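The shown structure was predicted, so the numbers you read here are calculated from the model rather than taken from an experiment. The basis for the numbers below is simple: all heavy atoms, side chains too, and nothing from hydrogens, waters or symmetry mates.
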Amino acid sequence: MPAHVEDKSHQKPEEQRNTLLHLLVLYFKLVGLLLGVWVLGYVGFSASWVFIGLFIYMFNDRFKKKKQFQIEIAQALAKDEKKVIQARVEDLPSWVFFPDVERAEWVNKILEQMWPYIGELTKNILVEKVQPQIIANLPNSLKSFRFVKIDLGDIPPRIGGVKAYIANVKRDEIVIDVDLIYASDADIKISLKGLNAGIKDLQIRGDLRVILRPLIPVPPLIGGVTVFFLTNPRVDFNLTDIANALDIPGLSDTLRSIVQDQIAAFLVLPNRIPISLAENISLSKLKHPMPQGVLRMHVIEAKDLRKADINVFGKGKSDPYAVLHVGALTFKTKVIPNTLSPMWNQFFEAVIDQRSGQILQFEVMDEDQGTEDDFLGRGTVEIESVADRGMLDSWIPLDEVKTGLVHFRLSWLHLSADPSKLAESIRQVRAAPTAGLSAPLSSCLVVVTVDSASGLPKSRKGLEEPNPYAVLNCGGKQVQTRIVEGTIDPRWEESFNFLINDPNLQNLDVEVKDKKSGRRLGTMMLPLKLLLSETNMTQEQPYHLHCDSDPDAQITMRVVLRVLTSETPPDFHETTENLLKPPTPSTSTPTKSEPIESTYDVVDAPIPEEPIKMPEPDAHSNNVDTGMEIRKRKLEKEPSISSAGIAGLGKIQVTIRYSPQRNRLIVVVHKCVNLMPCDSDHLADPYVRIYLLPEKNTLGKQKTKVIKNNLNPIFDETFEFAVNQQDLDTRTLDISVKNSVGMFSKSRRNIGSVFIDLMKFDLSKAVTEWFDLQSEDRDDKSVDSIVPDKDKETII
């Protein structure tokens, strides 16, 4: 135990002055307290108020002394752990308890030497990067936020132990877990609306994971570094200045919870800090790698729980509920009143980014109305052990209490890029018991990386640039990106996970909005079933945003679909995601109005050890994929703006392809240009109707939505027709562009049509072409209405 008793005779004059100042402050505090008691008696208040006040004061004083004691112990441990080795057993470094964790004193010596420079670097980052981001997300009334003082102190962080993983890791990475101990004498102050507040004595303790990947055969041998906490670290601090008024029981816990959540949103899985060390390493893929699987948690029941609510006769019950933590994710069961053997029977699903090292933490609590909930026990489960077994069905005893067990059924689900496994996954989900399900179980995972947007419309008043953010809806879950201030070309680079029930029936809806005005800047909808026919079930491209004021608005995203399966994929521990950036195409760079659809690298493909080669075609696709994002498909090539087709009715752009795995003809209606006006306003309300001849009935009809008052509508809608591959040569697409009108309207109803003979196309490759619209009553209904060769492009 560190000694705190000192000989006052050896104190310096400055220390003696500080001691005298402390005594004066204590004196005036006691005088003020006695004066307050006298005033209460003078005005006739009940003496019970005095006792209540004294109780609050004593409780708060005890709370502060206990916290200060913990801070002193942690700081002493950080300075000299050998001296206080028996002070607090729970604070000992991890190498004391775990034989596979090694000491790293040489790292601590390096940190101690570098600490002043690290402090200066951190100060610059907070002032130059963090402060502007905080100000940008604050309301106008709080824009005066500033960092007044940033002092990380003289005590550097310590590494309590290091564990390196050599088993169950991919061949091009090194995984290291670090026991981080930061018990500082830091002093950080902020200013807001002329008031100063701050924190000091910051403490952080947690398991920090460092991943070195990819390993490359050229200097510096390591392509990138990714850093994150596996679980929420333990955080504590003291408040200073005006913020000290919040440092009382209740408010203090709430404040620390808020700080913990902010740290989790920045540094706890699935959030990471990526650092690129070599050229051509994709920083986005370092920050947003593909998850490793999904943990399905069935919280069934508990028994023999502690009696938290005891009456005068010694008998009592509890109102138990369970809280589950996986990384930064938290799940909570319902409350079962008046029982020691609750039956929850609830399902939860968590996307797991790192199966090794991550744990499922759970607590059982007793709900108390109006007071703090009582603790009934906690426990942990290693996720890797569940992943290795595939399933764990067990009663888990609760720690830190004498009695109590919880019954879990945990299942590990791998992520598969094989669409043929979808039917079995959906069948298993539908066969699952429905009791206790607040929502259907998931059959698939959708990973959406929102990169950027371009060409967003400006404000109608003064052409002011918006503060855009994107809102994504999928599978009943809604998320949003951060706000980017003052731009029509925002860059977000954020990734989101969505668990869905059936991709054949669900869509990804995206809406870009302006934070300043609240207005909608553009929308788009992607049917998830389209991903089933894509190579590696992945799309990465600019998508058109439907926007009245700017038809060129786009949002660039990467959307990946994975099927949840209990089958272990081949070479699970041997392969990794390709982190190299795509090479710069030698051809001309497409303009903003030319969206590119790309099938990017195969996520499970190993990084090439030699210069980039052309691999063999994918087993599930007729298209060659390089695995390095060099297969590009150009979705559109704008025809001449003055061209309205050979009949003067306009043009329509369509993509056609056939999926032999699903026996589906896929038709994508992209857009129309230069349509013929149909009403008195010289506009039209167009939509597209499609038949696959010879069937021409109501059941076989497909049509797009209506675009109001537009002669250049953008649809970007996909339709599918069930047809055998051998019958394609006998089929014809009947596509008509129509004007939506009322029953008694005199406006023109039919704009134009085109008949596409499928026999004339090689549908083993997706084909995108512009077609001239012709009158529906023409005699020649053949495919010769295609634009000339120089204005069309076949997708390879």
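- With rounding to the nearest 0.5 Å, the separation of CG in L728 from CZ in F721 is 12.5 Å.
- Of all heavy-atom pairs between S443 and L422, the closest is OG-CD1, 4.1 Å.
- Side-chain atoms of N674 do not come within 3.5 Å of backbone N or O of G650 as any donor-acceptor pair.
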Verdict with supporting geometry, H670 and F715, side chain to side chain contact (heavy atoms under 4.5 Å, CB included): CA-CA 5 Å; H670 294 295; F715 299 102; over 6 Å; no
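- In this model, a donor atom of one side chain and an acceptor atom of the other lie less than 3.5 Å apart for R689 and S736.
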E534 and K529: CA distance, side-chain angles, deciding distance, salt bridge (charged side-chain N to carboxylate O under 4.0 Å, His left out) verdict: CA-CA 10 Å; E534 294 285 351; K529 61 183 178 182; over 6 Å; no
M557/E540 under side chain to side chain contact (heavy atoms under 4.5 Å, CB included): CA gap, chis, key distance, verdict: CA-CA 6 Å; M557 300 187 300; E540 183 162 2; over 6 Å; no
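- Atom CG of residue L526 and atom CD of residue Q539 lie 5.5 Å apart, to the nearest 0.5 angstrom.
- T768 and T655 share a side-chain donor-acceptor pair at under 3.5 Å.
- Taken from CD in Q554 to CE in M524, the straight-line distance is 11.0 Å, to the nearest 0.5 Å.
- Taking the side chain as every heavy atom from C-beta outward, C672 and L675 approach each other to under 4.5 Å.
- Counting only N and O atoms by type, the side chains of D502 and N504 include a donor and acceptor under 3.5 Å apart.
- Here the straight-line distance linking atom CZ of F761 with atom CZ of R657 works out to 15.5 Å at 0.5 Å rounding.
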Working for side chain to side chain contact (heavy atoms under 4.5 Å, CB included), residues V294 and S442: CA-CA 10 Å; V294 171; S442 305; over 6 Å; no
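- Panel note: side chain Q702, backbone E720; a donor-acceptor pair is recorded below 3.5 Å.
- Q653 places no side-chain N or O within 3.5 Å of a backbone atom of E769 that could act as its donor or acceptor partner.
- Salt bridge present: D451 and R491 bring a charged side-chain N and a carboxylate O closer than 4.0 Å.
- Residues L665 and L763 have side chains in contact (heavy-atom distance under 4.5 Å, counting atoms from C-beta outward).
- Looking at M537 and V563, their side chains come closer than 4.5 Å, going by heavy atoms from C-beta outward.
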Trace of the side-chain hydrogen bond (donor to acceptor under 3.5 Å, both in side chains) decision for T481 with E494: CA-CA 7 Å; T481 65; E494 295 184 51; 4.6 Å; no
Verdict with supporting geometry, F496 and V450, side chain to side chain contact (heavy atoms under 4.5 Å, CB included): CA-CA 8 Å; F496 305 97; V450 185; 4.2 Å; yes
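- Under the side chain to side chain contact (heavy atoms under 4.5 Å, CB included) rule, F719 has a single partner from I666, V688, T704, which is T704.
- Side-chain atoms of L456 and D489, non-hydrogen and from C-beta on, never get closer than 4.5 Å to each other.
- Residues D353 and R272 are paired through a salt bridge, judged by an N-O separation under 4.0 Å between the basic side chain and the carboxylate.
- Among all heavy-atom pairs drawn from H288 and T449, the shortest one is CD2-CG2, 4.4 Å.
- Once rounded to the nearest 0.5 Å, the distance linking CD1 of I707 with CD1 of I714 reads 8.5 Å.
- A donor-acceptor pair is defined here as one N or O able to donate and one able to accept, closer than 3.5 Å; no such pair exists between the side chain of D734 and the backbone of F755.
- Residues P466 and K458 share a closest heavy-atom pair of CD-CA, 4.4 Å.
- Within the 3.5 Å criterion, the main-chain N or O of G752 finds no donor-acceptor partner in the side chain of N750.
- Here the closest non-hydrogen pair linking N507 and P527 is OD1-CA, 3.3 Å.
- Remark: K703 qualifies as a cation-pi partner of Y687 under the 6.0 Å distance and 45° angle criteria applied to the six-membered ring.
- Proximity of a side-chain donor or acceptor of K515 to a complementary backbone N or O of E485 within less than 3.5 Å is not detected.
- For the pair F228 and N271, the minimum side-chain heavy-atom distance is 4.5 Å or more.
- With respect to E465 and K516, no salt bridge is recorded, no charged nitrogen being found less than 4.0 Å from a carboxylate O.
- For the pair S753 and I735, the minimum side-chain heavy-atom distance is 4.5 Å or more.
- In this structure, V447 and P291 approach most closely via the heavy-atom pair CG2-CD, 4.1 Å.
- Using a 4.5 Å heavy-atom threshold, the side chains of I273 and T226 count as separate.
- Closest non-hydrogen pair, N739 versus D685, comes out as OD1-N, 2.7 Å.
- Residue M525 holds its CE atom at 14.0 Å from CD of E511, rounded to the nearest 0.5 Å.
- The side-chain heavy atoms of K513 and Y469, taken from C-beta on, include a pair separated by under 4.5 Å.
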